[in-house]
Amino acid sequence: MRTAVALSGGADSLLTLHLLREKGVPLTGVHAFFLPPSEEDRALAQRIEAGCRDLDVPFFALDLSAEFEKQVIQPFIRAYTRGRTPNPCAICNPRIKFGLLRDRVRDLGTERLATGHYARLAPTESGPGLFRGKDPAKDQSYFLSLVPVERFFGVEFPLGTWRKTDVQAELQARGLRVPAGGESQEVCFIPEDYRAFLTDRGVPLSGPGPVRTVAGEPLGNHPGLWRYTLGQRRGLGIPYSEPLYVIAKEHATNTLVVDTREKLNVAGCTAVNLNILVPQERWPEGVLAQTVYRQTPKPATVSIRRKTVTIRFEEPRSRPTPGQVAAIYSEQGQVLAGAEISDSLIS
RNA sequence: UGGGGCGUAGCCAAGCCGGCAAGGCAACGGGUUUUGGUCCCGUCAUUCGGAGGUUCGAAUCCUUCCGCCCCAG
C-alpha cells in the first residue's frame, strides 16, 4: 500500500518524508498549490521534486488553487463582511487538506496520506482518534477538530510524537536542507495583514462608527468594525486608566464596545456546524473546552442539539469569538468534537 | 485683571519642606504563533507653558509674561 506525503517545502513535511522512507514504506511525494503558482512557487515545487528524486520517490504537484479560493478564501472574505472572525486554517483542513487533497491523492493510486501535522492519530473503538501532539507548544489538533472522523482513515501524522526542537535537530543531524529555506514559513494566502488583504481585494466593508464602554461612556470613533476582533487589545488607540479590550461589535448600530479585562469574561458560548469525532455517549465524565488556539482547555459542560452545541464553562473565561473554533477535549487530550463559535453565553 | 485653581511626554498623572523627571494608557520595536487575537520582553520627557532671577544645584523658591478653568459679577 502506497502512502502519499504532503510536502509543503517546510521542515516538518521534509522530515516526515524521510522518516517514512526509512521505514521502507512505498511513497509518493505531493505538493499542492493553494494559490495560483508564481515563478517562485514553481521553483519551490521543483526543489521538492528534486529531493524526492534523490530518494526515488515519485512526485506530483497539484494545483488546488481554484478550490482553495472557493472553499477557503471566499468564505473567509464573506465572514468578514458579516462581522465575524474566520479561522481559515481550521476550514482548510476539512475542505482542502483532508478533503480535496485527500481525494486527489487517492486518485493518484495512494491509499494513505501522511502529513507533518503535530497531532496524533490512534485507532479507537469509534474509529480514528485525534489526539494532541506531544509538543504542547506546537500542537495542531485544535485546527483539525473540524475534520470529519472518516477523513482520518488512512491518514498518519508521523510527527505527532515529536517535538519541534527534535525535528530541527534531526534535520540538522541528517544534513537535510529545507526546500523552502529558512525564510517565511507557510505563509498562507494572507501576505501580512488581513486588513490590507481585504481592502486590496476591494471587499465592501463597514465604515466608521462610535466607540463606547459597556456602561455607555463614549470614547471616540473607530474606522470599521471589521478591523477588530473580540478580545483584541492593541490597536484601539484609546488612552484609558487601564488597557481596553474589544468586548462586542454591535452591528446594528455599527458600535465598537470596549472595556476592561474583567468585562471580557463570559459564561460560555454556542457553536454551530458541529463536527463530532467521538459520539457523545462515549465521552468521559468531565470534558474540557478550548475556544482559542493555544488556550489552556478548561472544564465545561457541553450540550448538543443537532448540529448546534452549547458550551458552559465551569469558570467564566474570555469571551469566545464568533467564527473561531471551539474544540472539546478529553483529559487525555483526545479531540471529542469541534464546532464553529456563533455566540457568547452571557450568564 | 475682584477672588481661587491649574499648566510635567500623544492622553491621564506623581513629584512641588531644591539635588541631576514615578506610574498607568496609547504608540512603536521584538519574541511566542498554521487564522484573527491574546500573552511576554523592550523603547518612549537632557526636560517639566515662556522669559528672567536666587542657588554649587530648581519641575520644585522668587519675579514677570502667556494660556486655561472655576467662583464672584
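No hydrogens, no waters, no symmetry mates; every other heavy atom, side chains included, goes into these values. Each chain gets a letter, A, B and so on, in the order its sequence line appears, and its residues count up from 1. Remember, predicted model here, so these are calculated numbers, not experimental data.
With hydrogens and angles ignored, no donor-acceptor pair under 3.5 angstrom links the side chain of A:Q295 to the base of B:U38. In terms of polar N and O atoms assigned as donor or acceptor, the side chain of A:T229 comes within less than 3.5 Å of the base of B:G36 in a complementary pairing. For B:U32, its base sits under 3.5 Å from the side chain of A:R294 at one donor and acceptor pair at least.
In summary, of the residues considered (A:R294, A:R132, A:K134, A:R120), a salt bridge (charged side-chain N to carboxylate O under 4.0 Å, His left out) with A:D139 occurs for A:R132 alone.
RNA chain B forms stems at B:2-7 with B:66-71, B:10-12 with B:23-25, B:27-31 with B:39-43, B:49-53 with B:61-65, each a run of 3 or more consecutive Watson-Crick or G-U wobble pairs whose two key distances fall under 3.5 Å.
Spacing of C1' atoms, B:G19 relative to B:C61, comes out at 14 Å, to the nearest Å. Distance check on atom C1': B:A58 versus B:U63 gives 15 Å, rounded to whole Å. For the P atoms, the distance linking B:A9 with B:A45 amounts to 12 Å, nearest Å. Across B:C70 and B:A59, the matching C1' atoms stand 25 Å from one another, rounded to whole Å. A distance of about 7 Å separates the C1' atoms of B:A26 and B:C11, rounded to the whole Å. Distance check on atom P: B:C20 versus B:G37 gives 43 Å, rounded to whole Å. Of the P atoms belonging to B:G15 and B:A27, the separation is 28 Å, rounded to the nearest Å. Only the P atoms considered, B:A13 is 16 Å distant from B:C25, to the nearest whole Å.
Here the C1' atom of nucleotide B:U35 and the CG atom of A:L144 are 14 Å apart, to the nearest Å. Rounding to whole angstrom units, CD of residue A:Q324 and C1' of B:U34 are separated by 12 Å. For the pair A:K249 NZ and B:G36 P, the interatomic distance rounds to 14 Å; values are reported in whole Å. Protein atom CG of A:N87 is 16 Å distant from nucleotide atom P of B:U38, rounded to whole Å. For the pair A:R317 CZ and B:U38 P, the computed distance is 17 Å after rounding to whole Å. Per the geometry, CZ belonging to A:F143 stands 13 Å off P belonging to B:G37, to the nearest Å. Per the geometry, CD belonging to A:Q232 stands 11 Å off P belonging to B:C39, to the nearest Å. Going from atom CG of A:L230 over to atom P of B:U35 covers 19 Å, rounded to whole Å.
At a threshold of 4.0 angstrom between heavy atoms, the contacts of A:K164 with the nucleic acid are absent. Within the nucleic acid shown, A:S318 has no heavy atom closer than 4.0 Å to any nucleic acid atom. Using a 4.0 Å heavy-atom cutoff across all strands shown, A:Y80 reaches sugar-phosphate atoms only and no base atom. As judged by a 4.0 angstrom heavy-atom cut-off over every strand, A:V325 is placed among residues making no nucleic acid contact.
Below 30°, between 30° and 60°, or above 60°: for A:H222 and A:Y228 the angle between ring planes is above 60°, a perpendicular geometry. Note: A:F34 and A:F68 have parallel aromatic rings, judged against thresholds of 30 and 60 degrees for the angle between ring planes.
Side-chain contact check for A:L130 versus A:Y329: every heavy-atom pair is 4.5 Å or farther apart. Taking the side chain as every heavy atom from C-beta outward, A:I96 and A:Q71 approach each other to under 4.5 Å.
Comparing B:U38, B:U35, B:U33 by their nearest atom to the side chain of A:K138 picks out B:U33. Distances from the side chain of A:R195 to the nucleotides B:G37, B:U34, B:U38 place B:G37 closest.
For A:D166, the salt bridge (Lys or Arg N to Asp or Glu O under 4.0 Å) partners are A:R163, not counting sequence neighbours. Every side-chain hydrogen bond (donor to acceptor under 3.5 Å, both in side chains) that A:E125 has, sequence neighbours left out, goes to A:R282. Evaluation of the side-chain hydrogen bond (donor to acceptor under 3.5 Å, both in side chains) rule for A:N265 yields A:R261 as partners, not counting sequence neighbours. Checked against salt bridge (Lys or Arg N to Asp or Glu O under 4.0 Å), A:K164 has the following partners two or more places apart in sequence or in another chain: A:D12.
In terms of phosphate contacts, A:Y293 brings no side-chain nitrogen or oxygen within less than 4.0 Å of OP1 or OP2 of B:C39.
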Quick one, give me the B/S/- string for nucleotides 21-27 of chain B, reading 5' to 3', where B means a protein heavy atom under 4.0 Å from the base and S means that only happens at the primed atoms, P, OP1 or OP2.
---SBSS
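Salt bridge status for A:E40 with A:R47: absent, with no side-chain N to carboxylate O gap under 4.0 Å.
Nearer to the 5' terminus of RNA chain B, by closest-nucleotide assignment, is the contact made by A:N93 (compared with the other of A:N93 and A:D193).
Side chains of A:T165 and A:Q168: a donor-acceptor N/O pair is absent below 3.5 angstrom, by distance only.
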